[in-house]
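The model shown is predicted, which means the values in this text are computed figures rather than measured ones. Just so we're on the same page: letters track the sequence lines, and every chain starts at 1.
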2 protein chains.
Amino acid sequence: MAKKKPADPANGSAPAARQVPMREFSRSLPMSLLRAREAVMRQFRPSLRQNGLTEQQWRILRALAAIDAVEVTELARTAFLLGPSLSRILRDLEARHLIERKTAKEDQRRSMVSISEKGVKLMAVVAPTSEAIYAEITRRFGARKLTELQEMLGELEQCLSGLGSVDEAIAEE
Amino acid sequence: MAKKKPADPANGSAPAARQVPMREFSRSLPMSLLRAREAVMRQFRPSLRQNGLTEQQWRILRALAAIDAVEVTELARTAFLLGPSLSRILRDLEARHLIERKTAKEDQRRSMVSISEKGVKLMAVVAPTSEAIYAEITRRFGARKLTELQEMLGELEQCLSGLGSVDEAIAEE
DNA sequence: GAGAGATATTTAACATGTTAAGTGAATTCG
DNA sequence: CGAATTCACTTAACATGTTAAATATCTCTC
């Protein structure tokens, strides 16, 4: 495969065929966040996969490791998963005996979820590698810078969370 | 590598049932990035949805708007989609006549994709609202801070992209 | 110039994201 | 009390993420 593609006349600007006026696509905030996250997750996925876990399943186990038991709704908030996704994943994790479930006595609607012994053992296997990867990322990017980045991300989240959507604010005028 | 395991006994909160030593979950970088991105996308999704577009479909149209025609592989890179996803979405967009496809003459394997007239018109409808939302986000978060954030995200991506995975670097010892 | 390998794209299969609807249990209120 | 409402969770349906395999085409070598 020595052949070069002849074209690609300036990958940045392009001939602009039928240009609709917009920011350059690749520089949009959603894309920046998506690419950054993907770059990070690409580091973790192989290790997780080796242990038969997806990113989301790992999130759930981690969320469960810190507590005794939680209701599904609360877990969804912690692991940042939507109800339906969580519901499916819990079904699977339960079948694999990595978690346990029992309905709450005082409210039959609620289901209390907790990590099982097997789940704890699996975490003990995965955690060291996971932590090592995180440490390496921190080293490469810089610990201070990493903290700074996380603070900015938190602020961004904050300033968009409050009070209705941006969309509404715009519709007002 | 780092053998220093902070152990983190006081993990900030939670009764800590069977604690496996790890960073507090909610402060991990992947979670920060995920939440931030979701906060941003939550602003755009309603408007896109109103126009019958998903986030990814919109990405593709935007990527196509700036150029005359691209091959699928190049488009996948630009829109940051995996091949299989792109393949499905293009099938759909073509059926809706928002894009056009024709196989390249010099290489029958390649398929050249371009946005259609109808696609351009749809973009013209969506773009103003989309830009307004972006402007509002910029206003709330601060233009300078936004630029700074994007730079950091770019650097993060950069420092993780080069040469092999973090995993390999760790396995080395 | 036929076959081995490389390349572009698609299909397959499974897991999750996303919105809407369904189910059963608790709560409210007339 | 009992119908209406709310609540916690699940199912359904469709779109995408993700990896592996299949297809078709092209390129290169012998």
Q.
Please report the distance, rounded to the nearest Å, between CZ in B:Phe44 and C1' in C:dT18.
A. 18 Å

Q) Taking only residues two or more places apart in sequence, or in another chain, which ones meet A:Glu74 in a side chain to side chain donor-acceptor pair (under 3.5 Å)? A) A:Arg77

Q. DNA chain D: stems of at least 3 consecutive Watson-Crick or G-U pairs, cut-off 3.5 Å?
A. C:1-30 with D:1-30

Can you give me the N/O atom pairs linking the protein to nucleotides 5-12 of chain D at distances under 3.5 Å, or say none if there are none?
residue	atom	partner	partner atom	Å
D:dC7	O4'	A:Arg109	NH1	3.4
D:dC7	O2	A:Arg109	NH1	3.0
D:dA8	OP1	A:Arg110	NH2	3.2
D:dC9	OP1	A:Val72	N	3.2
D:dC9	OP1	A:Ser111	N	3.0
D:dC9	OP2	A:Thr73	N	2.8
D:dC9	OP2	A:Thr73	OG1	2.2
D:dT10	OP1	A:Arg101	NH1	2.6
D:dT10	OP2	A:Ser87	OG	3.0
D:dT10	O5'	A:Ser87	OG	3.2

Q. If you measure from the Lys or Arg side-chain nitrogens to the Asp or Glu carboxylate oxygens, is any gap between A:Arg140 and A:Glu136 under 4.0 Å?
A. yes

Q.
Going by the rule side chain to side chain contact (heavy atoms under 4.5 Å, CB included), which residues pair with B:Thr138 if we only count those two or more places apart in sequence or in a different chain?
A. B:Tyr134, B:Ala143, B:Leu146

Would you be so kind as to tabulate the donor-acceptor pairs closer than 3.5 Å made by side chains of residues 79-90 of chain B, with sequence neighbours excluded?
residue	atom	partner	partner atom	Å
B:Ser85	OG	B:Arg88	NH2	3.3

Q) Counting only side-chain N and O atoms of B:Gln56, is one of them less than 4.0 Å from OP1 or OP2 of C:dG17? A) no

Q.
I want to confirm an ordering. Mapping B:Ala104 and B:Phe80 to their closest nucleotides on DNA chain D, which one lands closer to the 5' end?
A. B:Phe80

Q. Separation of B:Leu81 atom CG from C:dT10 atom P, in whole Å?
A. 13 Å

Q) Taking B:Ser32 for the side chain and B:Ser28 for the main chain, is one N or O donor matched with an acceptor at less than 3.5 Å? A) yes

Q | Nearest-neighbour nucleotide for the B:Gln57 side chain, C:dT18, D:dA15, D:dT18 considered | A | D:dA15

Q: Just jot down the side chain to side chain contact (heavy atoms under 4.5 Å, CB included) partners of B:Lys118, sequence neighbours excluded, or say none.
A: B:His97, B:Leu98, B:Ser116

(Q) Nearest whole Å is fine: how far is C:dA8 P from B:Glu106 CD? (A) 12 Å

Q: Provide, to the nearest angstrom, the distance between the CG atom belonging to A:Leu53 and the P atom belonging to C:dT16.
A: 10 Å

Q) Nearest-Å distance, CG (B:Leu34) to C1' (D:dG17)? A) 13 Å

Q) Atom CE of B:Met41 to atom C1' of C:dT16: distance rounded to whole Å? A) 17 Å

Q. Of the candidate nucleotides D:dA20, D:dC26, D:dT16, which contains the atom at the shortest distance from the side chain of B:Thr54?
A. D:dT16

Q: Please determine, for the side chain of B:Arg49, which listed nucleotide (D:dT16, D:dA20, C:dT19) has the closest atom?
A: C:dT19

(Q) Nearest whole Å is fine: how far is D:dT18 P from A:Leu48 CG? (A) 13 Å

Q | Qualifying residues under side chain to side chain donor-acceptor pair (under 3.5 Å), relative to A:Lys145, sequence neighbours excluded | A | B:Glu155

Q: Identify, with sequence neighbours excluded, every residue that meets salt bridge (Lys or Arg N to Asp or Glu O under 4.0 Å) alongside B:Glu38.
A: B:Arg42, B:Arg45

Q) Atom CZ of A:Arg45 to atom P of D:dG17: distance rounded to whole Å? A) 11 Å

Q.
Restricting to side chain to side chain donor-acceptor pair (under 3.5 Å), what partner residues turn up for B:Asn51, sequence neighbours left out?
A. none

